[in-house]
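Order of appearance sets the numbers: ligands from 1, and atoms from 1 within every ligand.
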Amino acid sequence: MGKVIVIGLDGATFELIKPWVKEGKLPNLAKLMQEGSYGELKSTPEKISPAAWTSFSTGKNPGKHGIYHFTAMDTSALKLRVINATCRDGNPIWSYLSNAEKSVCVINVPFTFPADKVNGLMISGWDSPSIDSAGFTYPANLLDELLEKFKEFPITPTIKKYTTDSHPDLAIGDIHHLLDFRTMLSRYLQKKNKWDFFITVYTATDEVQHHFWHHMDKRHMLYNPDKARLYGSAIFDVYQKCDQAVGELLTDADEDTTIVIMSDHGATINSLGVIYLPLWLHQLGLAKRMNILKDFIRSPSIKNGKNIFRRIKGMLYFQISSLLSDKSKQFLKRLLGGKRSGFEAVSEFELSKYDWLQTRAYEAGPNIRINLKGREIHGIVSPGEEYEKLRDYIIAKLHESRDMVTGKKIVTNVYKREDVYHGKHVEDAPDLIVDWAADFVIRGISCLNGNGEHVKIKSLGLYRGLWSGEHSNYGIFIAKGPHIKKGNELKDAEIIDITPSLLYLMGLPIPEDMDGKVLTHIFEENFVQKKPVGYTQADDSGADIPGDSYTDEEARKVEERLKNLGYL
Ligand SMILES: [Zn+2]
């Protein structure tokens with residue numbers, strides 16, 4: 001049986017790849033598409049790395065593996081805690097392969113800390129608090145060898161908020177440095193070790209898309225032809241380097257090796273729906289923010305005495321920003337301090353800021369939770385009829401809401417959690433999952449409230465400093481190998497299908513509790529005829545993970561990193 005190489009390009013999308021392939025600019029990806037099967041890869045409903053990469057590795061929907069986001073909500077305390085692979089319910093592909101005595105080499109798959117004990121080696125992803133954390137590599141002494149060889153071991157780019165606006169060249173340098181390091185590291189481990197299954201993941205594609213999208217997309221308010229000349233190719237440059245990395249990592253791949261290129265989700269312009277959601281809930285009377293003085297006194301940074309003035313400014317900005325015209329906002333911004341855009345004020349829209357006795361629904365990232373009696377500590381919505389009516393009402397109102405400038409719908413879909421998830425962890429999912437518009441930036445919202453009165457949320461104007469690129473529903477899938485059909489475009493591949501398809505290719509039975517299907521139509525017909533898909537009983541024993549989850553110190557480190565990257 002031949003070897004398998006999987007190369008992950010986090011957030012890569014065919015919307016960008018296909019035109020560049022046509023222009024002959026990504027020769028390695030083009031060749032793989034020509035000589036193999038490819039198609040859009042449907043992500044998990046939350047289309048975010050922790051959920052999607054875990055669904056890739058386990059072949060299960062998040063309702064079964066239990067990971068939805070970077071954080072998990074503790075509804076009894078209304079607190080968010082950062083999560084890692086110890087929260088994963090289900091075995092990843094490298095554990096199935098290890099148990100079948102295949103050797104594996106697993107590098108930097110997001111949300112795999114602490115590393116699993118595998119037959120081979122494993123370096124966990126960017127949920128690792130630091131390289132010194134127990135469980136960063138398996139075996140543990142692999143790290144010493146790598147540090148001796150490379151002298152450094154960056155985990156994520158050191159991008160800080162605003163970095164791309166104030167120091168774009170530094171940010172680009174940082175992203176490329178990490179990309180180059182990943183290629184060196186992957187190539188070194190690939191050459192030095194014996195393996196049947198090799199996987200490495202690049203995150204540069206996702207990072208550059210979040211921070212540089214507005215430089216190549218004229219639909220964005222911050223698009224500026226002068227800046228576009230300088231930074232308009234930042235995203236392409238990263239794709240081009242990834243294409244070269246693919247070429248390099250396939251240098252020794254023989255005719256017997258199967259190659260998979262994939263992403264966990266796609267990318268598009270950031271509509272900023274997630275930023276409008278708290279205000280939308282507030283203005284519709286679904287959530288009640290506590291008054292500004294209480295906010296101020298209770299805020300953790302005031303208690304710690306940190307950033308008091310920045311915080312007052314941020315809070316004032318947020319409180320009045322919805323009432324102001326764009327012009328007055330510009331004036332206010334100048335008054336409050338140069339380039340500040342109110343970003344921190346919005347990102348610090350903490351859960352402690354609600355008056356829970358008057359809040360029926362609250363935001364969970366881009367999604368919505370109901371303040372449910374018996375689940376949330378201060379729950380006021382009764383389970384059953386009241387809960388269902390409220391969810392239906394919110395869905396209807398989101399569909400009715402329009403962008404104030406263009407009149408376009410601000411959402412494309414809103415799902416009840418049981419419609420998109422199944423399994424014993426559905427209870428942990430947000431109550432409503434929202435697909436925000438993905439082809440424009442929201443510039444204010446208008447809709448009718450429950451009393452039929454017009455509600456208007458003026459443009460927040462918070463374009464600068466926020467991500468200009470956001471995740472989209474479809475990532476990429478390309479497979480090429482001795483048994484894979486050539487030049488074959490797929491329509492129905494999902495991220496949960498990859499693991500069962502690879503287990504099948506490598507001669508293993510599919511555990512019957514996997515949600516993904518074997519993509520039999522990517523394989524040559526005589527291969528499928530000779531090899532019917534085999535199944536085995538469910539294996540939900542959980543991965544064999546050494547060590548504990550985060551210490552308090554580690555949790556703080558990861559939280560800070562997520563904030564710097566803009567995920568929290
Ligand atoms: Zn991302």
### Query
With a cut-off of under 6.0 Å to the ring centre and 45° to the axis, is K227 in cation-pi contact with Y231?
no

### Query
Does E15 CD have over 12 foreign heavy atoms under 6.0 Å away?
no

#### Entry: Heavy atoms of other groups near K31 NZ, more than 12 under 6.0 Å
no

### Message
If you define the side chain from C-beta out and look only at heavy atoms, does anything of P129 sit under 4.5 Å from V558?
### Response
yes

### Message
Please give me the protein atoms (N, O or S only) lying under 2.8 Å from the Zn ion (ligand 1), ordered by chain and number.
### Response
D206 OD1, D206 OD2, H210 NE2, H471 NE2, Y567 OH

### Message
Quick check on the 6.0 Å ring-centre criterion: do H471 and H210 meet it?
### Response
yes

### Message
D89 and side-chain hydrogen bond (donor to acceptor under 3.5 Å, both in side chains): which single residue from K60, H425, H65 fits?
### Response
H425

